[in-house]
Amino acid sequence: KHHNISPGDFVWTTGTAAALPVELLIGKVVRVETSGKNPNFVTVYVSPAAELTVLRDVYIVRPLASKLPPPKERR
């Protein structure tokens, strides 16, 4: 929520991951939805910059479950 992501924004790599180059265009934000469970989180839908029908390899980069913080306990 605090990153102020809006439709029309572009998504780029930052270069913090060794496997990805700096400033590689990933795509354009087409929709942002606030999470129903936690308004501090959003789901971002991105239109890919690449033509997916001609790609040979695709890498999906996501956090490992073991690296995510533990869920907060409900009271």
Side-chain angles (χ1 to χ4, degrees):
K1 173 182 177 184
H2 303 289
H3 291 288
N4 196 25
I5 300 169
S6 302
D9 290 349
F10 289 98
V11 179
W12 302 84
T13 58
T14 61
T16 56
L20 298 172
V22 177
E23 295 187 3
L24 175 67
L25 178 62
I26 301 297
K28 187 175 183 179
V29 175
V30 293
R31 188 169 82 213
V32 179
E33 292 180 357
T34 303
S35 170
K37 295 179 182 177
N38 186 338
N40 290 319
F41 290 91
V42 295
T43 300
V44 178
Y45 297 87
V46 177
S47 177
E51 178 57 51
L52 300 181
T53 59
V54 298
L55 292 180
R56 190 184 81 188
D57 297 317
V58 176
Y59 295 94
I60 299 173
V61 181
R62 63 181 183 86
L64 298 174
S66 62
K67 304 261 182 184
L68 294 174
K72 292 183 179 179
E73 293 183 26
R74 293 182 183 219
R75 296 181 185 193

Taking all non-hydrogen atoms of both residues into account, name the closest pair between Thr13 and Ile26 and its distance. CG2-CD1, 3.7 Å
Which heavy atom in Arg31 sits nearest to a heavy atom in Pro7, and how many Å separate them? CA-CG, 4.4 Å
Do any N or O atoms from the side chain of Ser47 and from the backbone of Gly27 form a donor-acceptor pair under 3.5 angstrom? no
CH2 of Trp12 to CG of Leu24, rounded to nearest 0.5 Å, is 8.5 Å
In terms of heavy-atom contacts, Glu33 and Tyr45 come closest through OE1-OH, 3.5 Å
Looking only at non-hydrogen atoms, find the nearest pair between Val11 and Val29 and report the distance. CG2-CG2, 3.8 Å
Any idea which heavy atoms bring Asp9 and Asn4 closest together, and the distance? OD2-O, 3.8 Å
